[in-house]
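What you see below is based on every heavy atom in this structure, not just the backbone, and it leaves out hydrogens, waters and symmetry mates. We count ligands from 1, going down the list as the structure has it; atoms in each ligand are counted the same way.
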Amino acid sequence: MKKMQRITVAKGDGIGPEIMDATLSIIKAAGARIEIDEIEIGEKVYLAGNTSGIARESWDVIRRNKVFLKAPITTPQGGGYKSLNVTTRKFLGLYANIRPCISLHPFVKTKHPQMDIVIVRENEEDLYAGIEHQQTDEVVQCLKLISRPGCEKIVRYAFEYARQYGRKKVTCFTKDNIMKQTDGLFHQVFDEIAVEYPDIEHEHWIIDIGAAKMADTPEAFDVIVMPNLYGDVLSDVAAQIAGSVGLAGSANIGETCAMFEAIHGSAPRRAGQNMANPSGLLQGAIQMLTHIGQADVAEKVQNAWLKTIEDGIHTYDIYKEGISTQKVGTKEFAEAVITNLGQQPAQLKAVHYANGTTLTLPAYERKPAKHKELQGVDLFVHWNGKDVNELALLVENLNTADIQLNMITNRGIKVYPDGFPETFCTDHWRCRFKPLAGKQLTKQHIIGLLQAAEAVNIDVIKTENLYAFDGKPAFSLGQGQ
Ligand code: NAD
């Protein structure tokens, strides 16, 4: 008798309960070895006064079972309700978001009949760390944080996923020609880890041309790994051009816990009418089955589902005269998939998943610390003047014996010395100070600089230290420097 896996299930709102019942009936009929704890999340919980949409005790159940199959929920408008998806991802450290996007041509309309890609999106950091500040009247900022552990975990996940699912190539998308530190690190880690997987082809594309190519010729790609923001945008594009956002499932994977879902919402207008397509959630459940080591069941369900789509048994959202043979409701669709269990599609490509092993990654190990040397400091100043030479005069007077003004930028563009009068300037200025030749900069110099600025009412809004690691400067130059 094979091991049972206890999972947490939430039926959610709107069409959630119907598509969850359909999904569970299919995977149980296929022999899924699961036991279920059900929890309540979403609208009712929000409206009962819990702004996170989930009760404390439900977190305990999710954390105990570690595997969570979640139907879509309705987030009430207004009232400061927090997105449960974002909260779950962050609380449980679900760092990887996996979205397979496969076209089902000619049974579901798409311009890309050969498309079969998987987007692996980093899920926790980048601009989504949510660290934002207003600094001056005119300027707000959002910190883009990219970490080595974050990059290593997601990139390794992409290669391991490729291996587990027999995929041939992993592509990395970044914009490291512009963001040399942040996206540069992501790309660098990708190149380092790719070497450990000689059986899998790897390549890197700059995101803009990569995205254009993906939208035009998706069959050129297999697995694509990318930082959070790009992944968020492009995974929706990929799902849409594959045929329908309503058919896509998604996995959110962490070191200990994982959550599986459909990518669509709760479609409240379709609720309670036995109309909704359960395919998106079913795709999430299939990812769950391989994740818990039940790839045999996952394969059986996926092939039966492909056969059902191929038979033309379609819910209203994908029904097309001439292609579809039967318009069915949620329950009837599930029954058709169950009838097809054990069968393979004839025209669509049947799947074969390697069985048994769950995908486990080595825990991140911190690398030895590099030699870190302070090489300068950027003072960010809120200043309402127009002529940068006036600001330069003010801040040059702050110089101590060992440190001098190196340049001033506005929104990253060098405006002093030798700026262009055409450059548009805001009230947000960066004044970069460097030590004089042969001098060593210390934190005391920075404190002295800040005190001198305060004494003459220069409004310093923040400082950023400039470091070199193992002798390599690790900060960007001013544009035009
Ligand atoms: P939606 O995805 O619920 O619906 C968009 C359109 O797609 C609708 O026309 C709907 O009828 C159709 N549709 C969606 N899923 C379908 C299915 N399985 N079968 C047939 N048709 C389907 O998006 P929305 O209307 O913008 O959002 C509705 C609610 O869902 C909102 O409260 C939103 O916050 C929530 N939402 C939740 C999640 C989640 O829980 N993961 C994700 C997105 C939106």
Inset, instruction - Report yes if some N/O of Ala267 lies less than 3.5 Å from some N/O of ligand 1; otherwise report no. - result: yes
Legend entry - Arg148 bridged to Glu152 by N-O distance under 4.0 Å: yes
Legend entry - Aromatic ring proximity Phe221/Phe173, centre distance under 6.0 Å: yes
Legend entry - atom 37 (C) of ligand 1: the protein heavy-atom neighbour that sits closest, reported with distance to 0.1 Å: Ile73 O, 3.1 Å
Inset, instruction - Show which atoms of ligand 1 fall inside a sub-4.0 Å distance from at least one heavy-atom site of Ala276. - result: 19 (N)
Legend entry - Closest approach of any protein heavy atom to atom 28 (C) of ligand 1, naming residue and atom: Pro268 CD, 3.7 Å
Legend entry - Ring centre gap for His291 and Phe260 strictly below 6.0 Å: yes
Legend entry - Trace of the ring-ring contact (aromatic ring centres under 6.0 Å, His included) decision for Trp59 with Phe91: CA-CA 10 Å; Trp59 281 122; Phe91 264 174; 5.3 Å; yes
Inset, instruction - List the closest protein heavy-atom neighbour of atom 21 (N) of ligand 1: residue, atom name, distance to the nearest 0.1 Å. - result: Tyr316 OH, 2.8 Å
Legend entry - For Ala96, all residues meeting side chain to side chain contact (heavy atoms under 4.5 Å, CB included), sequence neighbours excluded: Ile98, Ile154, Tyr157, Ile253
Legend entry - Arg121 bridged to Asp126 by N-O distance under 4.0 Å: no
Inset, instruction - Could you tell me whether atom 15 (N) of ligand 1 has at least one protein heavy atom nearer than 4.0 Å? - result: yes
Legend entry - Distance flag for atom 5 (C) of ligand 1, protein heavy atom under 4.0 Å: no
Legend entry - Ligand-residue contact atoms, ligand 1 with Glu261, heavy atoms, under 4.0 Å: 41 (N)
Inset, instruction - Give yes if a backbone or side-chain nitrogen or oxygen of Ile15 is under 3.5 Å from a nitrogen or oxygen of ligand 1, and no if not. - result: no
Legend entry - Criterion salt bridge (Lys or Arg N to Asp or Glu O under 4.0 Å) against Asp222, the qualifying member of Arg167, Lys169, Lys168: Arg167
Inset, instruction - Hey, can you tell me if His187 and Phe190 have their rings parallel, tilted or perpendicular (30° and 60° cut-offs)? - result: tilted
Inset, instruction - Pick one of side chain, backbone, both or neither for how Met275 approaches ligand 1, counting any non-hydrogen atom pair under 4.0 Å. - result: neither
Legend entry - Heavy atom of protein closer than 4.0 angstrom to atom 44 (C) of ligand 1: yes
Legend entry - Distance from atom 29 (C) of ligand 1 to nearest protein heavy atom, with residue and atom: Ser266 OG, 3.2 Å
Inset, instruction - Specify whether the nearest protein heavy atom to atom 25 (O) of ligand 1 is under 4.0 angstrom away. - result: no
Legend entry - Residue, atom name and distance, where the atom is the protein heavy atom closest to atom 1 (P) of ligand 1: Gly265 N, 3.5 Å
Legend entry - Centroid-centroid distance, His202 to Tyr197, less than 6.0 Å: no
Inset, instruction - Report the nearest protein non-hydrogen atom to atom 18 (N) of ligand 1: residue, atom name, distance rounded to 0.1 Å. - result: Asn277 O, 2.8 Å
Inset, instruction - Say whether His382 and Thr136, considering side chains only, have a donor N or O and an acceptor N or O under 3.5 Å apart. - result: no
Inset, instruction - Examine Tyr467 together with Phe475 and report whether their ring centres are nearer than 6.0 Å. - result: no
Inset, instruction - Kindly check if the number of other-residue, nucleotide or ligand heavy atoms within 6.0 Å of NZ (Lys462) is above 12? - result: yes
Legend entry - Atoms of ligand 1 close to Thr74 [distance to a heavy atom under 4.0 angstrom, numbered from 1]: 32 (O)
Inset, instruction - Identify the protein heavy atom lying closest to atom 41 (N) of ligand 1, giving its residue, its atom name and the separation to 0.1 Å. - result: Asn85 ND2, 3.1 Å
Inset, instruction - Look at atom 9 (O) of ligand 1 and say which protein heavy atom is nearest, naming residue and atom and giving the distance to 0.1 Å. - result: Arg269 NH2, 4.1 Å
Legend entry - Region of His264 engaging ligand 1 - heavy atom pairs below 4.0 Å: both
